[in-house]
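Everything quoted here is computed from the prediction, not taken from an experiment.
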Amino acid sequence: MWSRGSRCLNICYYGTSWLHVVILAYFFGSAHPTIVNLTALSGFPPCLPAHEHGRRRLIYPDKSTHPVRIPYAGWASAQITSQVAHILISEAMGFDSELLDSAALNSGQPINYIAGCIDPDERPCVNRDIANPKLHISVESWLYGVERAASLPLAVQPTLLSVLEYDTYVGTYLWDETAQLAAAAGSPGPLDFYKSYDAGVFAPHVYFDPWTRMLELVPPAYITRCSDMGRGTVFDRDADNYIKVTNDTNLTCYQDFVWFSPACRNHTDTCVPLIVQYNYKNAMQQAFFLNMPIALLKVMDGLPEYDDVYYDILRKSRFLFGWFQPDDSLVDSRGRLPIILTLPATNELEQARGIYKSGNADVRPRNYAWRLLRAVDRHLSFFVSKFNFFPQDMDWMMISSRKFKNTGLPPMSTSRQVACDWVKEHGDRWRAWIPVSCPPGSYSDSLVACVPCKPGSYCAGGAAAAAACPVGSYCAANASAATPCPESLSTAGVGATSEANCSVCAEGYV
């Protein structure tokens, strides 16, 4: 998703039949998470009735074998799609497959691991081992992951295998009920459109809770202080750039918690409350350039307890708030989601220069793979290139996920259950992602259909490509293995097609 500045989280697994997740630590130092096979530890039963598991492994150029390693990220949509990948790779394709036991806080860290970087946050990737990456594929890399992949040195950049069919969006939202109440009260403009917040024309604050309610609801220990958002900090609000592009030098915050935009700074009772966890610097500039009367407060991020407090506050208030989609955190009991505050269309040129007059772009997430994966296992590479979902899939996944969580089911168990339900219901979809496994005596270059093995080659079947018949043997059509020449005879070269080609003396014979 985006940078939250931390390296990773350690996760402890406990329980008998289902996997529970306990977050043990959040820290900023170097951390190299261990790899854990969740299927082995969690006690999850197989999802597919007729399944294969653990027969295949990746064979590296040095002939060492390895399980397929997949990231298990820190947000619901990626957790579910990772579980779908895990189920299909292990049960439908028969690989030994593992999930990284770190709920990665942003989609850039898995990209580093796929590239072979030792440090998940180091962009230059100076310390690296390309031949032995910690991960082999990414699942649902958001904008930060896409940018990270492009910023890595060319020698280590992972391979882009697919662009998913649904959008991801990080922006400002409000409850639909708030917008409807405003419309019923005669609001001159719709609250889901930025022009309705122009303080020179409208008074949108009357449809929201007073900004002081943010301070009433958010415990001080959970607020990121403005003084902690200076240059070089994890939560840098990029104050120097704000002053440069706006000429507004007033960055003072009320009680070190709430920043007021110029549109309501002299009359704070007219400010609309905006509470965020991310994109603070974007919100500051948008409020300035769009003349929006905003009281801005940031809740801490990076731990589940911070998220729990944040979302609990949003559910019982009428604020503008930062959020992202797809996500299951704010799905209500009837499957409804907050609505997006529509901002001016994205101006990528301006944003590249650090100017945020416009809204964020919708970004379609990507699936990346270790740059050597195609050479190591073209079957797995084929699967990742086909692995995809539509917006309707994601909507269903998020609604289903929230329903399970509302019953008290832990997050890991929820993601597994939703993934398994999707797999069981959509066999017609995912079977097209699985490359064909050929019977002995045949092979497939397309990975879609098998063809008979040609004379002069042998085809072991499964995922194996056709191989030239070695010296000293011959291979008729449809051969699954090479047939040795009679004793004392050999062939003049590779690719012999019949015993008649065994026409030269073998080494040691005259």
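Within 6.0 Å of atom CD1 in I130, more than 12 heavy atoms from other residues, nucleotides or ligands are found, so the atom counts as buried in its surroundings. Few gaps surround CZ on F321; more than 12 heavy atoms of other groups in view lie less than 6.0 Å from it. More than 12 heavy atoms of other residues, nucleotides or ligands lie within 6.0 Å of CZ in R429, so this atom counts as buried by the packing criterion.
Proximity of a side-chain donor or acceptor of R56 to a complementary backbone N or O of M93 within less than 3.5 Å is detected. A distance-only check finds no donor-acceptor pair linking the side chain of S400 to the backbone of M397 [under 3.5 Å]. Judged purely by atom type and a 3.5 angstrom limit, S385 has no side-chain atom pairing as donor or acceptor with the backbone of L161. Of the possible polar contacts, one joining the D377 side chain to the L380 backbone as a donor-acceptor pair under 3.5 Å is found. Judged purely by atom type and a 3.5 angstrom limit, S77 has no side-chain atom pairing as donor or acceptor with the backbone of D327. Under a 3.5 Å cut-off, the side chain of Q351 and the backbone N or O of G359 do form a donor-acceptor pair. Judged by distance alone, the side chain of Q286 and the main-chain N or O of K357 form no donor-acceptor pair under 3.5 Å.
Contact check for Q83 versus V423: no side-chain heavy atoms found under the 4.5 Å cut-off. The shortest distance between side-chain heavy atoms of S358 and E348 does not fall below 4.5 Å. Using a 4.5 Å cut-off on side-chain heavy atoms (C-beta onward), Y72 and S415 make contact. Between L135 and W370, every side-chain heavy-atom pair lies at or beyond the 4.5 Å cut-off. With a 4.5 Å cut-off on side-chain heavy atoms, Y368 and Q157 do not count as touching. Proximity of P365 to Y166: side-chain heavy atoms (C-beta onward) are separated by under 4.5 Å at one or more points. Under the 4.5 Å side-chain criterion, counting only non-hydrogen atoms from C-beta, L337 is in contact with V331. Contact annotation: the side chain of P67 approaches that of R57 to within less than 4.5 Å [non-hydrogen atoms, C-beta and beyond].
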D307 vs Q277, test: side chain to side chain contact (heavy atoms under 4.5 Å, CB included). Steps then yes/no. CA-CA 9 Å; D307 295 343; Q277 285 187 297; 3.1 Å; yes
side-chain hydrogen bond (donor to acceptor under 3.5 Å, both in side chains) evaluation trace for Y311 with R315: CA-CA 6 Å; Y311 292 126; R315 293 186 191 99; over 6 Å; no
Could you walk me through whether V363 and W142 pass the side chain to side chain contact (heavy atoms under 4.5 Å, CB included) test, one step at a time? CA-CA 7 Å; V363 177; W142 287 38; over 6 Å; no
Test log, rule side chain to side chain contact (heavy atoms under 4.5 Å, CB included), inputs E140 and S82: CA-CA 8 Å; E140 199 190 76; S82 291; over 6 Å; no
Which is it for N112 and R148 under the side chain to side chain contact (heavy atoms under 4.5 Å, CB included) test, yes or no, and what are the steps along the way? CA-CA 8 Å; N112 271 39; R148 176 67 64 83; 2.8 Å; yes
Report the C-alpha distance between F324 and W75 in whole Å, list the side-chain angles of each, state the deciding distance to 0.1 Å, and finish with yes or no for ring-ring contact (aromatic ring centres under 6.0 Å, His included). CA-CA 10 Å; F324 59 90; W75 59 98; 7.8 Å; no
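The two atoms that bring L152 and A115 nearest to each other are CD1-CB, 3.8 Å, heavy atoms only. Considering all non-hydrogen atoms of both residues, D328 and R402 come closest at O-NE, 2.9 Å. Summarising the geometry of S141 relative to S107, their closest heavy-atom pair is CA-CB, 4.0 Å, with the distance given to 0.1 Å. In this structure, A496 and C469 approach most closely via the heavy-atom pair O-CB, 4.0 Å. Minimum interatomic distance between P71 and V139 (heavy atoms only, all atoms of both residues): CG-N, 4.2 Å. Closest of all the heavy-atom pairs between S473 and T491 is O-CG2, 3.6 Å.
To the nearest 0.5 angstrom, C420 atom SG is 7.0 Å from L48 atom CG. Atom-to-atom distance recorded for I89:CD1 and H136:NE2 is 10.5 Å, nearest 0.5 angstrom. Atom CD of E98 and atom NE2 of H66 lie 11.5 Å apart (nearest 0.5 Å). Considering CD of Q325 and CD1 of I340, their distance stands at 5.0 Å, rounded to 0.5 Å. For the atom pair CG of D119 and CZ of R128, the computed distance is 13.5 Å after rounding to the nearest 0.5 Å. The structure places CG of L99 at 9.0 Å from CZ of R416, a figure rounded to the nearest 0.5 Å.
A salt bridge does not link D176 with R336: every distance from a Lys NZ or Arg NE/NH1/NH2 to an Asp or Glu carboxylate oxygen is 4.0 Å or more.
On the SG-SG cut-off of under 2.5 Å, C125 and C117 qualify. When the SG-SG distance for C475 and C453 is compared with the 2.5 Å cut-off, it comes out at or above that value.
The only option from N388, L164, I137 that meets the side chain to side chain contact (heavy atoms under 4.5 Å, CB included) definition with N367 turns out to be L164. Exactly one residue among Y173, Y278, Y310 makes a ring-ring contact (aromatic ring centres under 6.0 Å, His included) with W323. That residue is Y173.
Looking only at atom types and distance, the side chain of Q417 has a donor-acceptor partner in the side chain of D421 under 3.5 Å away.
Proximity of the aromatic rings of F389 and W433 is defined here by a centroid distance below 6.0 angstrom, and this criterion is met.
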